[in-house]
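First the structure, in the form of structure tokens, and then the observations on it.
These numbers come from a predicted model, not from an experiment.
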Amino acid sequence: MTLTTSRSPIVKGLLAAALTMAVTATAGSAMAAAGDDDWKGAGGLTLNSVDNAKVDAYLDRARQAEKAISTDVRAAAQISGAELIGFDQRLKSADSLKRKVATSLKDNPRQDVDSVLGRLTDAVRYTLQWPDDHYTTGVTQASTVLAAWGNDSTKWANTWNRTSGYKGLNTGWRATRSGQLYEIQFHTPASKHAQEATHLLYEEQRLPSTSPERKKELQAQQDALFRAVPVPDGADRLTAPEHTTVPVPVVF
């Protein structure tokens, strides 16, 4: 039998087909790898790989800042006699934060991910709760000491005087050490219960895929739940704290 370097047309065809399949598989793997860095959420929300990476980096910074912020918040809760609710959920989940960013980008296409992240206030968040008869005094004490320790008040949304919709006090702060923005909700047991009961309704309401008619239905259901919440004496007159300076106590 004589060896030869020439190949028959059939052999050449098989080799060409194998090479094409290999190239196609490699390209497909590369595309899949690139797609793995994107984020996709409910309601058709998406983040491309670049924006997704920026949100992940923001979350990493928030996790580092949270340690010092939690020290201040826990101390303020102790001083004011507050119950610190849901402390284990003080860091917003990655999917929840990405859904919020993606929704904002979809609703306002002219803005970029950096500007959205710069305005986020709830990647780190807390809830302090008092009984109705201690609520107003407790909020005043907690917010006053937080401001005294150098936490800047950036938002003070007091909705206790509303006739419909959410009732409570949602506040925003800038941490004294890291500059990280964070939120604290000040609640009574009844207002906290209403918030939890309306959470799934609110999540559905804000999805881009929810129709206007359905959004009205969801809002009506939320209004009914909050309408039943009693307003603590003086809660509707609570205002943001003035900035003073006192030493930060050690919390064990």
Side-chain angles (χ1 to χ4, degrees), residues 62 65-92 120-199 202 222-223 225-252:
E66 172 271 321
K67 300 176 180 65
I69 297 171
S70 290
T71 297
D72 283 4
V73 173
R74 290 173 62 204
Q78 289 184 2
I79 289 170
S80 63
E83 182 180 0
L84 190 54
I85 304 294
F87 186 69
D88 290 343
Q89 285 78 50
R90 61 193 178 277
L91 286 168
K92 200 175 185 73
L120 282 178
T121 61
D122 63 346
V124 184
R125 71 276 176 90
Y126 306 87
T127 298
L128 272 59
Q129 177 179 289
W130 298 265
D132 288 28
D133 56 347
H134 289 92
Y135 179 82
T136 301
T137 300
V139 170
T140 301
Q141 291 176 331
S143 61
T144 297
V145 295
L146 284 169
W149 298 335
N151 295 276
D152 295 326
S153 175
T154 61
K155 180 180 74 172
W156 192 266
N158 188 339
T159 58
W160 280 109
N161 59 355
R162 279 185 177 177
T163 56
S164 63
Y166 180 87
K167 285 183 182 176
L169 178 52
N170 288 5
T171 65
W173 304 81
R174 180 177 288 104
T176 180
R177 301 170 185 83
S178 62
Q180 174 68 41
L181 297 176
Y182 66 98
E183 283 191 357
I184 304 178
Q185 295 183 1
F186 297 126
H187 276 294
T188 64
S191 66
K192 181 60 179 174
H193 172 74
Q195 181 205 39
E196 292 175 343
T198 58
H199 178 70
Y202 171 71
Q222 294 174 67
D223 289 346
L225 287 165
F226 281 116
R227 198 175 296 120
V229 175
V231 179
D233 185 38
D236 57 336
R237 298 188 298 274
L238 287 166
T239 57
E242 296 181 2
H243 188 80
T244 58
T245 302
V246 297
V248 180
V250 176
V251 177
F252 298 98

May I ask you to test the [X]-[Y] pair for a side-chain heavy-atom distance under 4.5 Å?
X      : Y      : value
Thr159 : Asp236 : no
Arg74  : Leu84  : yes
Gln180 : Arg174 : no

Calculate, to the nearest 0.5 Å, the distance between atoms [atom1] and [atom2] belonging to [X] and [Y] respectively.
X      : Y      : atom1 : atom2 : value
Leu238 : Thr140 : CG    : OG1   : 5.0 Å
Glu242 : Ser153 : CD    : OG    : 11.5 Å
Lys167 : Asp223 : NZ    : CG    : 10.0 Å
Trp160 : Arg162 : CH2   : CZ    : 12.0 Å

Please report the shortest heavy-atom distance between [X] and [Y], naming the atom on each side.
X      : Y      : answer
Ser70  : Tyr126 : OG-OH, 2.8 Å
Ala175 : Asn151 : CA-OD1, 3.7 Å
Phe226 : Gly165 : CB-O, 3.0 Å
Ala76  : Ser80  : O-OG, 2.8 Å
Asn158 : Ala235 : ND2-O, 2.8 Å
Ala62  : Leu91  : O-CD2, 4.2 Å

Discussion item. Taking atom OH as the centre, does Tyr202 end up with more than 12 heavy-atom neighbours from other residues, nucleotides or ligands that are less than 6.0 angstrom away?
Written reply: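 Open: at most 12 neighbouring heavy atoms sit under 6.0 Å from OH of Tyr202.
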Worksheet item: Near Asp133 CG, under 6.0 Å, is it more than 12 heavy atoms from other residues, nucleotides or ligands?
Response: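 Yes.
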Worksheet item: Charged N to carboxylate O below 4.0 Å: is that the case for Lys155 and Asp122?
Response: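 Result for this pair is no, no salt bridge flagged.
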Discussion item. Just to verify, what does Lys192 make a salt bridge (Lys or Arg N to Asp or Glu O under 4.0 Å) with, not counting sequence neighbours?
Written reply: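 Listed in chain order: nothing, the list is empty.
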Tabulate below the donor-acceptor pairs under 3.5 Å that side-chain atoms of residues 184-191 make, not counting sequence neighbours, or state none.
| from | atom 1 | to | atom 2 | distance (Å) |
| --- | --- | --- | --- | --- |
| Gln185 | OE1 | His187 | NE2 | 3.2 |
| Gln185 | OE1 | Gln195 | NE2 | 2.4 |
| His187 | ND1 | Ser191 | OG | 2.7 |
| His187 | NE2 | Tyr166 | OH | 3.1 |
| Thr188 | OG1 | Ser191 | N | 3.2 |
| Thr188 | OG1 | Ser191 | OG | 3.3 |
| Ser191 | OG | Thr188 | N | 2.9 |
| Ser191 | OG | Thr188 | O | 3.2 |

Item to complete: In sequence, state the C-alpha distance, the side-chain angles, and the governing distance for Glu183 and Thr171, and then conclude on side chain to side chain contact (heavy atoms under 4.5 Å, CB included).
Response: CA-CA 6 Å; Glu183 283 191 357; Thr171 65; over 6 Å; no
Worksheet entry | From CA spacing to verdict: side chain to side chain contact (heavy atoms under 4.5 Å, CB included), Leu169, Trp156 | CA-CA 7 Å; Leu169 178 52; Trp156 192 266; 3.6 Å; yes
Fill in: Tyr135 vs Asp233, side-chain hydrogen bond (donor to acceptor under 3.5 Å, both in side chains): CA-CA, chis, key distance, verdict
CA-CA 8 Å; Tyr135 179 82; Asp233 185 38; over 6 Å; no
Item to complete: List the steps and the verdict of side chain to side chain contact (heavy atoms under 4.5 Å, CB included) for Lys92 and Arg125.
Response: CA-CA 7 Å; Lys92 200 175 185 73; Arg125 71 276 176 90; 3.7 Å; yes
Worksheet item: Which is it for Val139 and Gln141 under the side chain to side chain contact (heavy atoms under 4.5 Å, CB included) test, yes or no, and what are the steps along the way?
Response: CA-CA 6 Å; Val139 170; Gln141 291 176 331; over 6 Å; no
Worksheet item: Sub-3.5 Å donor-acceptor pair from the side chain of Trp173 to the main-chain atoms of Leu146, do we have one?
Response: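 No, Trp173 side chain to Leu146 backbone: no donor-acceptor pair under 3.5 Å.
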Worksheet item: So, Thr198 side chain and Gln222 main chain: donor-acceptor pair closer than 3.5 Å or not?
Response: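 Such a contact is absent between Thr198 side chain and Gln222 backbone.
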